[in-house]
Amino acid sequence: MSDTPVIEVLEMHREEVPATGADVSILLADAKFFSGNAALQQAGEVRKLVETLVAAGVAESDVGIESVRVTATKGMLLRSSSATYVLAVRCREPNKVAAVIDALASVKNSGLSNVTWRYDVPDSVRQEWLAICVRRARGAAEAMAKALGTEIKGVHRVVDETYGSPSSRHDPGADFGYRGAGSAFPSTKRARVEDALEGVELAPKEEKIMRVRVWFSIA
């Protein structure tokens, strides 16, 4: 920062957004062992589960093998060994989560392992929030300048801190990480599986926060 006299303003915009989709993990036990994604086609139990999910409206390309755990027979890994698969399912619409859960009821030894909701924010909406923060910052800076008996000369610097800031003044409580595929904003709450599936509501909302720091040069 230069020696130019400035007023520094941090503005935040908070807004709840609905879930736009989810990543679902499904546990399938006592299935024949095949390595990698070959199981999707060659393991009968896995193939049946995939076909059931497709019938429920999930694209086959959105189903993959997340992990495999094998139970060895007499200490040896054989083709007849039993395997427990974790399948990863991308639900591109929130209502597909309910369809996936219903589908599991017809597949033996399968169950829901985890649900991670996604909260994608379109660029157009993000730009609206950015404009809101900048306008508020300008208004706050003008009020402070007036109280100081001076005036705003112009904008010295603007930093969008939504993705984090190297500044030591950055609030650690507002740090944010990944909340689901495509999510780039912080959240004040994390949805657990129990919360996400409680009651009829299968598309929860999550509060997103945009942070913008603006420096205004003053006379």
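Nothing here was measured: the structure is a model prediction, and the numbers come from that model. Just the heavy atoms: all of them, side chains too, but no hydrogens, waters or symmetry mates, feed the values below.
No donor-acceptor pair closer than 3.5 Å links the side chain of R69 to the backbone N or O of T84. Judged by distance alone, the side chain of Y85 and the main-chain N or O of D30 form no donor-acceptor pair under 3.5 Å. Side chain of S113 to backbone of I26: no donor-acceptor contact under 3.5 angstrom is found. A donor-acceptor pair under 3.5 Å is formed between the side chain of T20 and the backbone N or O of D120. A donor-acceptor distance shorter than 3.5 angstrom exists from the side chain of T150 to the backbone of A219, with no hydrogens or angles considered. A donor-acceptor pair under 3.5 Å is formed between the side chain of S217 and the backbone N or O of G154.
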Could you go through E93 and K96, starting from their C-alpha distance and side-chain angles, then the distance that decides it, and tell me whether this counts as salt bridge (charged side-chain N to carboxylate O under 4.0 Å, His left out)?
CA-CA 6 Å; E93 299 174 12; K96 286 293 189 292; 3.6 Å; yes

Step by step, would you call E66 with S25 a side chain to side chain contact (heavy atoms under 4.5 Å, CB included)?
CA-CA 8 Å; E66 186 174 307; S25 293; 3.1 Å; yes

Applying side chain to side chain contact (heavy atoms under 4.5 Å, CB included) to D23 and W117, what does each step give before you reach the verdict?
CA-CA 6 Å; D23 293 319; W117 293 101; over 6 Å; no

Would you check, one step at a time, whether the test side-chain hydrogen bond (donor to acceptor under 3.5 Å, both in side chains) holds for N114 with T116?
CA-CA 7 Å; N114 187 58; T116 301; 3.3 Å; yes

Starting from the C-alpha separation in whole Å, work towards a yes-or-no answer on side chain to side chain contact (heavy atoms under 4.5 Å, CB included) for V214 and V212.
CA-CA 7 Å; V214 187; V212 178; 3.8 Å; yes

Salt bridge (charged side-chain N to carboxylate O under 4.0 Å, His left out) for E161 and R211? Distances and angles first, verdict last.
CA-CA 5 Å; E161 295 187 353; R211 296 169 52 97; 3.2 Å; yes

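In this structure, E142 pairs ionically with R138, as a charged nitrogen and a carboxylate oxygen lie closer than 4.0 Å. With salt bridges taken as basic N to acidic carboxylate O contacts below 4.0 Å, one links E206 and K208.
The one candidate from V158, V9, L10 that meets the side-chain contact (heavy atoms from CB on, under 4.5 Å) condition with R213 is L10.
Each of L27 and I65 belongs to its own hydrophobic cluster when Ile, Leu, Val, Met, Phe, Trp and Tyr are linked at side-chain heavy-atom distances under 4.5 angstrom. In the hydrophobic clustering of ILVMFWY residues, with side-chain heavy atoms under 4.5 Å counting as a link, V50 and V86 come out apart.
When every heavy atom of V46 is checked against every heavy atom of L87, the shortest pair comes out as CG1-CD2, 4.3 Å. Across P94 and G21, no two heavy atoms sit closer than the pair CG-N, 4.0 Å. Of all non-hydrogen atoms in R14 and I209, the two that sit nearest each other are NH1-CD1, 3.4 Å. Looking at every heavy atom in both residues, V100 comes nearest to C91 through CG2-SG, 3.8 Å. Of all the heavy atoms in G64 and L40, the pair that sits closest is CA-CD1, 4.2 Å. For the residue pair E11 and A140, the shortest heavy atom distance occurs at OE2-CB, 4.5 Å.
Interatomic distance, I7 CD1 to L148 CG, rounded to the nearest 0.5 Å: 5.5 Å. L104 contributes atom CG, which lies 6.5 Å from atom CG of L49 (distance to the nearest 0.5 angstrom). How far CG of D62 is from CG of L53: 10.5 Å, rounded to the nearest 0.5 Å. Distance check, rounded to the nearest 0.5 Å: CG of D160 to CZ of R126 gives 4.5 Å. W215 CH2 to R157 CZ: the interatomic distance, rounded to the nearest 0.5 Å, is 4.5 Å. Taken from CD in E45 to OG in S82, the straight-line distance is 8.5 Å, to the nearest 0.5 Å.
In this model, a donor atom of one side chain and an acceptor atom of the other lie less than 3.5 Å apart for E15 and H13.
Around CD of E151, the count of heavy atoms belonging to other residues, nucleotides or ligands within 6.0 Å does not exceed 12.
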